[in-house]
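Quick note on labels: first sequence line is chain A, next is B, and so on, each numbered from 1.
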Amino acid sequence: MIRGESTQASVRRRLMRLRLRLWAESAGATLKRLGRNKSAVAGAVVVTAIVLAAVLAPLISPYSPDKMNLNDRFSPPGGEYVLGADHLGRDVLTRILHGARVSILVGLITVAISIFTGGVLGVLAGYYGGTLDTFMSRLTEVLLAFPYLIFAIGAMAMLGPGFWNLVWALCFKGWVEFFRLARAGVLAEKTKEYVEAAKVLGRSDLEIMGFEILPNIVNPLLVVGTLRMGTMMVMEASLSFLGIGIPPRIPTWGSMIQDGYRFILNAWWLSTFPGIILVALVLSVNLVGEGLREVLDPDLQTF
Amino acid sequence: MKERTPLVKTIGLKRYFYSRPGFLARCLLGEKERTTKAVDGVDIYIEEGETLGLVGESGCGKSTLGRVIVGLYAPTAGQVLYEGKTEPNGQMIFQNPYASLNPRHTVRQILGVSLEKRGVPLEEREDESVKLLERVGLTPLHLDQYPRQFSGGQRQRIGVARALAMRPRLIVADEPVSALDVSVQAQILNLLEGLQAETGVSFLLISHDLAVVHHASHRVAVMYLGKIVETAPTESLFENPSHPYTQALLSAIPRLGATGESRIRLQGTVPSAVDPPPGCRFQTRCAHKMDICAEMEPLPVEIRGDPGHVVWCHLRASKS
Amino acid sequence: MAAPGDKEVLSIKGLQVCYRTDRGPVRAVRGVDLSVREGEIVGLVGESGCGKSATLLSVMRLLPFPGEIVAGSIEVDGTDVLALNGKGLQALRGGTVAMVFQDPMSTLNPAHQIGAQMKEALRVHGLPSTRSVLVDLLKEVGIPSPETVLGYYPHQLSGGMQQRVMIAISLSCRPKLILADEPTTALDVTIEAQILDLLRQINRDRGTAIVLVTHNLAVASQFCHRIAVMYAGQIVEEGSVKDVLSRPLHPYTRGLIGCIPRFRKGVPLTPIRGQVADLSENHEGCAFYPRCDKAVPGCLETLESLLDAGDRMVRCHRYGVPEYGDVAAAQDSGCS
Amino acid sequence: MRGVKILERALAALPIMLGVCIVVFLFMRLLPGDPVDIMLGEASNVTQEEIDALRSQFNLDDPLHVQLASYLMRVLKGDLGYSISRSSNVGKLLLEALPATVELALAAILIALAVAVPLGIITAVKHKSLIDRSSMACSFLGISMPAFWLGIVLILIFSVHLKWLPTSGRATYGLVPSHVTGFYVLDSILTGNLPALKDSLRHLVLPSIALGAAPAAVITRIIRSSMLETLRKDYVTYARAKGVAEWAVIIKHAFRNALIPAVTVTGLEIGGLLGGNMVVETIFGWPGMGRLVVDGIFSRDYSLVQGAVMVYGLTFVTVNLIADILYTWLNPKLVVGEKV
Amino acid sequence: APKEPAVTGETLSIVIDCEANRKDEAEAVASQLRNIGIQAEARTWEWSAMKAEFMEGNRQLYMTDWGSSYFDPFDLAIPKLATGERGNYSFYSNPEVDDLLSQATSATDDETRKALYFEVQDIIYKDCPWVFGYCLEETAAASTKVGGWRVSMDSRINLHDVTVEGTGTIKIGLGIDKIVTMDPGNYRDRDTETVIRNVFDALVTRTWDGEVIPEIAESWETPDPTTYVFKIREGIKFHNGEALDADDVVFTFERILQENGIGGQTSPRLGLLGPLASVVKNDDYTVTFTLENPFPVFPQALCHFQIVPKDYVTEVGDAGFAEKPVGAGPFMFKEGRLDDQVVLTRFEDYYGGAPDLPPVGPARIDTVVFRMMPDPATRVAALKAGEIHIADKLPPDMADSLSGDPNAKVESVPGTRTYGIEFCLTKPPFDDVKVRQALNHAIDWDTIIATIYGGKATRLSTAFIPSGFGYNHDLKPYEYDPAKAVELLREAGFNVSLPTE
Ligand SMILES: Nc1ncnc2c1ncn2[C@@H]1O[C@H](COP(=O)(O)OP(=O)(O)OP(=O)(O)O)[C@@H](O)[C@H]1O
Ligand SMILES: Nc1ncnc2c1ncn2[C@@H]1O[C@H](COP(=O)(O)OP(=O)(O)OP(=O)(O)O)[C@@H](O)[C@H]1O
Ligand SMILES: [Mg+2]
Ligand SMILES: [Mg+2]
């Protein structure tokens with residue numbers, strides 16, 4: 001024991017270490033079981049590779065993503081440019097690698113914000129019910145009855161172009177699904193006896209929502225979240241199609257597919273390679289998600 | 001009998017559940033708001049160190065009564081007095097050993113919450129948890145395991161430990177053994193019995209298994225559609241059931257070695273607690289129904305020569 | 001109770017069932033021999049997970065996915081069930097053998113009307129399914145106003161009524177054998193008694209043989225002719241109800257009886273210690289060994305076969321060994 | 001009794017519609033840009049008076065709450081207003097565009113269901129088999145392929161190279177069926193015009209595949225997972241125990257009960273298709289609501305967007321109502337309006 | 001020689017705003033600016049939002065374009081450069097320019113006007129309120145079977161002379177969502193006019209190079225700068241057989257001049273008529289137009305006002321007319337939906353069109369199908385698949401997609417739109433003319449045009465277009481000269497430098 005430290009602190013430290021060890025052990029066990037799921041492993045490998053490539057993009061590729069060589073426009077793949085050059089003579093591979101950063105961030109951040117907002121509101125609405133619930137449920141129905149694209153276009157018009165504005169536009173309706181999931185989860189959990197036990201013990205509502213119920217409903221949120229990451233990236237592509245989205249200097253897979261599809265007749269590689277990588281990432285993320293689900297929550301039947 | 005303040009006493013306790021039909025259904029179909037009178041005027045008491053058995057058919061309001069007593073539900077009317085005061089101080093053990101423990105918490109966390117609420121300082125919690133586990137027949141090895149790693153009986157033991165951690169004077173045990181195998185059931189019943197002998201805790205034992213109630217209770221209350229119809233010391237109730245419902249209930253029990261041919265057959269099925277009939281609740285299935293049963297709720301009658309044996313039945317009232 | 005005939009309607013020999021799970025094989029049934037004669041009611045008791053349902057489902061060839069019959073033979077009314085497929089299996093299921101499940105609420109299809117569900121069973125077996133046939137069936141199981149009930153959905157009926165409907169469906173094709181898997185566990189005592197009455201009446205009137213799976217020894221004692229006690233996928237003791245319950249020979253049977261509160265004040269409960277055997281483990285010897293008071297090291301080594309104990313069969317090493325004598329003394333501890 | 005419940009559920013949609021109406025009204029006015037300015041485009045020598053006159057002609061100079069109130073009043077009377085960008089009545093424009101969109105959305109959802117239902121069932125029954133795994137991979141493909149990309153690839157393959165199907169449009173010139181309902185397929189059947197029927201179906205194929213791919217993937221997964229769940233249910237085992245043939249068990253007992261989540265998702269997807277198919281409509285030159293509404297936004301055509309969103313909201317609410325009614329048919333235990 | 005200023009200036013950072021269709025160009029421009037050490041970045045916007053922003057003065061450089069319908073600086077230079085005008089997005093304000101422009105508007109003599117415009121060009125060349133850009137060619141593709149077809153400078157499609165090998169039907173994929181109406185009095189966009197001009201004829205029309213010639217009118221006189229007297233050709237028939245005379249002409253203009261004249265709404269074309277005060281019938285075949293003040297481009301304006309049949313319109317009403325339009329043009333409206341396809345058939349009794357624009361006579365094909373195909377990739381695909389004969393509005397950079405196709409030809413013609421990048425002149429650093437000139441030198445337009453626009457654009461020296469009136473061909477565009485740009489920027493106090501290679 002460090003001198004001067006209270007017993008309480010030392011116990012706390014011991015407990016903390018123990019908890020860490022336990023957590024590591026259980027995480028290790030989970031990973032081990034995940035390791036037995038071949039497709040999850042394959043997915044994890046692909047995801048890791050893509051993420052690594054994105055992080056190390058400047059080291060891997062000899063070009064800069066926004067360096068134009070207008071004379072090399074439409075250079076086919078295989079030559080100087082491994083995956084070809086685009087309509088402005090930029091290296092497609094480099095742009096895919098750099099694009100990974102933004103695309104993955106868009107997916108991650110929008111999903112994270114959506115899960116957080118939807119989750120918190122859903123837990124509150126589900127737990128307290130009553131007016132709050134009625135209001136929130138009505139609101140979500142109004143949002144659902146409101147065409148998504150209209151909002152996204154409008155929001156981008158209102159906010160102007162930019163990464164964060166795009167994120168907000170995508171989150172606007174993204175949270176609704178998580179709200180519903182969380183709310184349904186809470187409704188199912190809150191009548192369970194362990195919640196009643198916590199109430200009898202005198203735990204506060206906040207403790208019950210945060211420590212008792214939340215850990216039990218978070219898995220479906222995460223599983224659907226992994227699916228939605230892909231959807232968000234595709235959504236970003238659709239916004240690019242309509243001419244709004246992220247500033248053009250930052251390559252995203254969505255905008256690359258969109259830019260390239262017009263030239264698909266004479267330069268198929270422009271949109272095909274980013275498309276393939278997008279599908280690969282979404283597929284892998286979902287394989288990992290599915291594998292995790294099987295390990296963490298075999299009963300969960302979300303698609 | 002000498003007058004004592006019981007540990008817990010309910011006075012005219014009621015708990016209703018309301019369900020509102022939609023606006024149109026009310027206007028066009030004339031549907032009314034429906035009231036489920038789950039508990040409808042219950043006066044019971046539990047003494048220090050006593051086990052009160054509560055039996056009755058499914059849906060008659062046993063669990064609701066238990067929940068009102070530990071303060072999970074606020075009473076619609078009436079009061080629960082704990083040694084004369086109104087702050088609830090009971091703990092609860094639940095029927096479903098799978099749902100009653102949070103699947104994401106280790107035993108340490110589960111017990112930790114109780115100990116924290118009791119105000120046990122952090123550094124003592126581990127020791128205290130170990131003591132509790134040993135008390136309910138588990139070992140310290142189990143501290144860091146998750147509920148899914150336990151069998152049903154072990155989970156029920158953890159549930160008991162969680163309740164005990166609060167050092168309660170009363171434990172409401174809602175069907176604590178009905179989900180368990182007979183062999184495990186006996187273990188848990190013995191555990192509860194031992195605890196009572198050791199700590200003097202009182203139990204409200206809710207069960208539809210009359211054998212269990214007979215074995216474990218000092219007194220028994222029989223409930224029918226939100227009301228107590230008979231209450232008596234265990235032996236006296238089982239030997240001399242006085243309410244027609246109790247009689248039917250007891251005769252239906254399958255007993256080892258009995259043939260079951262001499263049963264009293266109850267007519268009809270359990271009516272619902274939604275807007276129950278006026279007068280005696282049991283009138284629809286009673287073989288001895290009289291005119292007065294439809295008009296007036298029966299008042300409690302103490303069986304002569306059998307102290308503490310009270311029955312709510314017009315038949316008995318007219319006899320005495 | 002109807003007196004059982006001589007002809008065997010069900011004969012299970014050396015049945016072994018295995019669930020091949022991710023965590024290794026679970027040997028749910030490890031060599032069960034059971035025979036049921038015409039008009040006989042046989043009780044199958046034992047703790048949860050000992051393989052009772054697996055045995056019954058094997059007879060219907062209905063083991064769920066990772067489950068598989070790995071050895072043994074099953075004959076129903078002279079036909080080899082394990083050799084059946086396609087049409088033959090369909091004729092067996094619901095035709096020769098009918099099944100009643102534990103929870104009527106989840107066993108009746110919530111989306112179909114009672115009438116339709118009854119009709120379906122009759123149609124499959126090529127029997128007439130007119131309204132009057134259905135009404136008669138419902139009347140037989142004591143359902144008031146059967147005409148209306150035909151148009152109901154399951155949720156509109158109480159648990160007891162649902163179970164009656166299930167029984168009516170089971171009866172509809174005049175099966176030789178009804179397999180009832182805990183038909184009353186989900187019901188109230190008073191309703192339970194009614195349902196058991198009904199089954200008994202069917203057995204009496206039609207001579208249908210019944211296998212009743214139950215946890216509740218008391219139920220078995222009131223209802224069955226013969227009783228088989230299962231532990232860890234094996235039958236450990238089998239004999240007439242009276243014999244087995246009043247003079248249990250196997251330590252497990254005795255343990256079970258000792259666990260039941262007996263409506264006698266002051267009789268302490270004597271629980272079996274430990275926990276139910278884990279079926280995913282390989283038990284060379286007696287699976288009850290770790291929980292047994294009478295065990296000797298030898299019990300662990302080999303598995304005893306069912307021994308003929310005169311009026312019954314028992315599977316215990318110590319049976320017949322001199323020290324086993326105290327069993328005789330314990331015989332009185334059975335119920336009267 | 002049932003009718004009243006349905007009616008009640010339908011009435012519950014009113015506040016939603018009101019909400020949608022107000023939200024879209026305010027939302028449009030939050031957007032920067034002035035409809036009159038956009039309408040005038042590059043016209044030179046425009047005076048401020050001309051602009052002011054136009055603004056007042058379209059009631060754009062009233063305070064916001066007055067505009068909202070009068071808009072709501074007019075909507076109640078069934079008047080959706082005048083479209084500035086298309087010099088026409090909004091109601092008329094929507095009535096023209098709606099059948100095109102609905103026709104495409106229905107075709108897409110039919111294709112999606114035609115793929116998803118059998119695939120969902122097979123993958124559930126053959127759980128973890130090769131076919132299960134490969135169709136799951138395909139479904140991810142469906143989810144993660146942008147519709148416009150799929151669209152152009154389909155056009156290149158089937159129209160440009162193979163020349164099997166037309167690239168775009170709703171009908172070839174001369175084969176447009178005479179107007180009855182506005183749904184070309186239906187109209188050609190009603191008028192007994194076989195060539196027109198064939199032609200409009202040929203035009204429907206590619207866009208509905210492009211549009212239906214993502215929903216097909218989602219619905220397949222939903223059906224698969226709920227089938228996996230119901231196949232484990234007691235009543236399925238019981239149906240087998242009654243001697244019911246395996247296919248009948250799967251269809252009558254398992255599938256029907258597995259449909260509830262599929263109905264929910266299909267409802268939401270249809271809703272999504274009705275509002276979000278702008279991209280496919282552009283690629284395939286399909287004159288539907290999506291293009292109308294996006295164009296309306298870009299030109300700040302308030303009445304047009306408001307009207308379109310109202311129609312969209314109404315369809316969405318209706319689809320959900322139908323889904324609700326379907327639930328009670330699928331599972332009589334449920335009461336109309338109570339969500340699963 | 002000027003002293004080399006210290007390299008301690010501040011960095012210049014610029015955001016270039018554009019719409020999605022000029023995204024690539026904006027990226028290229030930004031990339032070139034980055035080359036000389038300017039921190040440049042491009043952003044794409046939705047048009048109205050961007051406009052609202054830069055009209056607030058919140059943006060720095062924005063890509064805009066503006067078209068001239070009159071082939072005259074009147075509807076280009078004035079709205080873009082005169083103080084306070086609607087299209088003056090750069091907030092340019094030079095009293096001298098304002099004065100010259102207003103003189104040019106009212107001058108009646110073309111030589112004087114030309115001289116005035118030359119002077120304006122000299123001034124704005126030095127002032128550079130924009131980064132002067134280019135004039136994009138109108139590009140379209142057609143099947144090789146199509147004959148007698150030319151891309152028109154004002155992006156309209158005239159089908160009077162067109163033939164298609166082996167069929168009497170021509171199908172055209174228009175690059176738009178919808179046309180607004182078939183009523184010539186009730187629209188204001190070019191796309192709608194493309195279709196309408198094949199159904200309706202106007203008093204006058206234009207030759208391919210923009211000269212105004214009589215069409216329905218036989219001739220006209222201008223007794224004084226505010227009076228135009230038109231003589232109408234006799235024997236012209238509308239599609240319904242009705243004869244076209246002065247009443248119809250007067251009616252056509254009155255329904256536009258009159259407030260709430262069309263279906264309760266005021267015609268959106270009203271503003272296009274400028275100072276037109278009245279239209280009076282002299283006799284059955286002469287009409288006098290009186291203006292409030294001189295308006296030299298009036299005949300140019302009249303090209304865009306198609307004559308409608310008075311009796312028919314009064315009979316069926318404005319809505320009925322829009323449903324079933326009847327004109328005096330080469331084709332009759334048959335059927336169609338404005339956002340899907342519009343079908344026209346040949347009008348056999350056509351008077352033949354402008355005699356100065358041979359061939360004269362009925363149209364040479366019998367059916368026209370206009371299809372709305374907003375997506376360019378789809379139009380190209382449809383042309384390749386043989387579904388359409390003309391793919392309108394081909395983005396220049398997509399011309400390559402058709403280069404290998406023997407069945408398709410790509411054609412282009414100088415356009416009438418000027419493309420540039422406007423500065424926000426009210427805020428630093430672009431209030432400094434040196435910075436503006438520097439940026440004009442810093443951008444390599446020739447490369448951009450050669451690559452992104454496939455060579456299908458012409459550099460502009462100022463905001464004027466070569467096809468329009470009064471363009472000074474001797475004024476050479478700013479030269480690409482990064483060294484000069486760097487020098488100017490350093491003088492303005494910015495830290496920039498040439499790329500070190
Ligand atoms: N939260 C609730 N909301 C509405 N009704 C309720 C609620 N809890 C219980 N009820 C109703 O109150 C009545 C009594 O229920 P309770 O659970 O107390 O019965 P019980 O005697 O415990 O039955 P069981 O033996 O089945 O557990 C029932 O009709 C039930 O439907
Ligand atoms: N699908 C399955 N996968 C793996 N193991 C299974 C499966 N179904 C049953 N088992 C195992 O098989 C054994 C026997 O199960 P069975 O259902 O026959 O028991 P039971 O005696 O009917 O129990 P209960 O009284 O609880 O119904 C149990 O140990 C169980 O864990
Ligand atoms: Mg209860
Ligand atoms: Mg079982």
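Residues A:L201 and B:Q91 meet the side-chain proximity criterion, which asks for heavy atoms closer than 4.5 Å.
Top candidate by heavy-atom pairs under 4.5 Å with chain A, chosen from B:M92, B:M166, B:H105, is B:H105. When the candidates B:V70, B:I93, B:V113 are compared by the number of heavy-atom contacts under 4.5 Å with chain A, B:V113 comes out ahead.
In this structure, the separation between OH on B:Y73 and NZ on A:K199 is 8.0 Å, given to the nearest 0.5 Å.
With hydrogens and angles disregarded, no donor-acceptor distance shorter than 3.5 Å links the side chain of B:N102 to the backbone of A:Y194. Counting only distance, with no hydrogens or angles, the side chain of A:E193 and the backbone of B:L101 share no donor-acceptor pair below 3.5 Å.
The two residues A:V200 and B:G90 make their nearest non-hydrogen contact at CG1-O, 3.4 Å. Of all heavy-atom pairs spanning B:S100 and A:A197, the tightest one is O-CB, 4.5 Å.
Evaluation of the side chain to side chain donor-acceptor pair (under 3.5 Å) rule for B:Y16 yields B:D40 as partners, not counting sequence neighbours.
Interface remark: B:R67 contributes side-chain atoms only to the contact with chain A (heavy atom separation under 4.5 Å). Heavy-atom distances place no part of A:E189 under 4.5 Å from chain B, backbone and side chain included.
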Apply side chain to side chain contact (heavy atoms under 4.5 Å, CB included) to B:R104 and A:V218, showing your working. CA-CA 11 Å; B:R104 309 270 161 201; A:V218 78; over 6 Å; no
